[in-house]
2 protein chains.
Amino acid sequence: MGDVELEVAGAEPVRRRGPETRAQILRVAMQLFTDKGFEATTTRDIANALGMNQSSLYYHFKSKDAIVTSLVEQRRHDLDEFVSWIRAQPRAPGLLRTAALRWLDQTTPEHLHAMRLALANPTVQQRLVGSDLDVRSAFDTVVDLFVDPETPDTEQLLVRMVFDTVSAALLSAHGTAASADAVLAAAREASIALTERLEPHRATHRQS
Amino acid sequence: MGDVELEVAGAEPVRRRGPETRAQILRVAMQLFTDKGFEATTTRDIANALGMNQSSLYYHFKSKDAIVTSLVEQRRHDLDEFVSWIRAQPRAPGLLRTAALRWLDQTTPEHLHAMRLALANPTVQQRLVGSDLDVRSAFDTVVDLFVDPETPDTEQLLVRMVFDTVSAALLSAHGTAASADAVLAAAREASIALTERLEPHRATHRQS
DNA sequence: GTCTATAGGTTGATAGAC
DNA sequence: GTCTATCAACCTATAGAC
């Protein structure tokens, strides 16, 4: 394989490493895991990108798994906050769109990185199913707010898709020159279009 | 890791293997690559699922890579057919939706399997970029029919998303009990909702 | 904190008998 | 066609010096 030794930090192998080596490892690992995938990225790759020895990583993390895990934790935390917020909202017509748009508004560039990482590593996510870091299970509770057991499967799925428009946009944008802003704007349009279909009775008043 | 030795064929390790061993290998490999990912699936996994020896695979395929490659080829072929069809269509208003729905109509269960495989193995797809089997490049030519260089990035991305609704639906459906039909129905709804936004002047006449 | 050295375990692939 | 045997390569992780 043409292993082209991806440039990671923007600079050469990081020469001067600040006091927060741990954070730098995470930054580099995030990039490599996203570009080459978790399994295809070796601990040597990460260490080399930082100009350090492979074994030195193990002073900061107890295993390769602990590195991804740490990366996922942050994302799971943000998600939990969103879930709390939405559970606290009164159920009102139009809440689906309101919630979806809020989810989009609070999506930072870091969130986008995290989503790219998740998209690039489905196996890692799958391995975390059932654990504290299971991302999908958090969304389940959100979806349940808008759906009851009698709701047709197709509609249940559409509700999920409303909250997954950012991932969908990232998927379609992959390999193109689309900016982060374009991705978010497209996701917003998609969320609006989908909710329009799920909550057609609108366009009149907006709740404060 | 709790390697639970996934049941693949529905039956125990395939006892009687027909004359088309090659096809069986492909079937099993498709399933394993989708469930565990290409890198995490060993040639031993594949062989065991078929009740044969690891080295025997190399009589039918020259390498592990050749197995995935063969899997991707079929999908690329179907895509090319769709591209030819759409290029032959006259450009008319509403073509975007017409094309998207046709794309959905011709989506067979096998296509869904192939898309699941692709979603589960982003790294494999990336490795194929630029080659004959690059799937995304085929879509580029489709998207170009509906977009010119001056089109805003956001709209370009939305057009891509119109053709990616099946992948998006599969992504959201992952881990749920949604059937293939529900996935396709949701994808259809999404395509309609998105094209409604991109081609708002409709709902009047439909071209024959 | 970072290094050298190395253990211990897999993995993809080949050689050759049957 | 399938098997046994085997290998070289590579990877994660640990031990211990500095």
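Computed over heavy atoms, backbone and side chain alike; hydrogens, waters and symmetry mates excluded. Per chain, numbering begins at 1; letters A, B, ... match sequence-line order.
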Looking at D:dT4, does its base get a donor-acceptor pair with the side chain of B:Ser55 below 3.5 Å?
yes
Does OP1 or OP2 of C:dG1 have a side-chain N or O of A:Ser56 closer than 4.0 Å?
no
So, does A:Arg44 get its side chain near the phosphate of D:dC11, meaning an N or O under 4.0 Å from OP1 or OP2?
yes
Remember a base hit wins even if backbone is also touched, and classify A:Thr42 as base, sugar-phosphate or nothing at under 4.0 Å, heavy atoms.
sugar-phosphate
Is there any side-chain hydrogen bond (donor to acceptor under 3.5 Å, both in side chains) pair reaching into residues 168-187 of chain A, and which pairs are they, with sequence neighbours excluded?
A:Ser172-B:Asp164
Within the 4.0 Å heavy-atom criterion, would you say A:Thr43 contacts the bases, only the backbone, or no part of the nucleic acid?
sugar-phosphate
Can you pull out every ring-ring contact (aromatic ring centres under 6.0 Å, His included) where at least one residue sits in residues 60-118 of chain B? Sequence neighbours excluded, please.
B:Phe82-B:Trp103, B:Trp103-B:Phe139
Please state how far atom CZ in A:Arg22 lies from atom C1' in C:dT2, giving the value in whole angstrom units.
17 Å
Between A:Ser55 and A:Asn53, is there a side-chain donor-acceptor contact under 3.5 Å, judged purely by atom types and distance?
yes
Just how far, in rounded Å, is C1' of C:dG1 from OH of A:Tyr58?
16 Å
Here the distance between atom C1' of C:dC18 and atom CE of B:Met52, to the nearest Å, is 16 Å
Nearest-Å distance, CG (B:Asp45) to P (C:dT10)?
12 Å
Between D:dA13, C:dT2, D:dC3, which nucleotide gets closest to the side-chain atoms of B:Asn53?
D:dC3
From NZ of B:Lys36 over to P of C:dT10, roughly how many Å is that when rounded to an integer?
13 Å
Of all heavy-atom pairs between B:Ala120 and B:Thr34, which one has the smallest distance, and what is that distance?
CB-O, 3.3 Å
Does the pair A:Arg136/A:Asp140 count as a salt bridge with the N-to-O cut at 4.0 Å?
no
Reading 5' to 3' and counting Watson-Crick or G-U wobble pairs with both distances under 3.5 Å, write the dot-bracket notation for DNA chain D, | for bases paired outside the strand.
||||||||||||||||||
Hey, what do you get for CZ (B:Arg27) to CG (B:Leu32), rounding to the nearest 0.5 Å?
11.0 Å
Whole Å only: how far is the CG atom of B:Asn48 from the P atom of D:dC3?
11 Å
Please figure out whether B:Gln54 or A:Gln54 has its closest DNA chain C nucleotide nearer the 5' end.
A:Gln54
Salt bridge between B:Arg197 and A:Glu189, side-chain N to carboxylate O under 4.0 Å?
yes
Hey, is the side chain of B:Tyr59 poking within less than 4.0 Å of OP1 or OP2 on D:dT2, counting only N and O atoms?
no
Protein-nucleotide distance (A:Lys64, atom NZ; C:dT10, atom C1'), rounded to Å
13 Å
What is the distance, to the nearest angstrom, from the CD atom on B:Glu39 to the P atom on C:dT10?
19 Å
Quiz question: going by heavy-atom distance under 3.5 Å, is there a donor-acceptor pair between the base of D:dT12 and the side chain of A:Ser63?
no
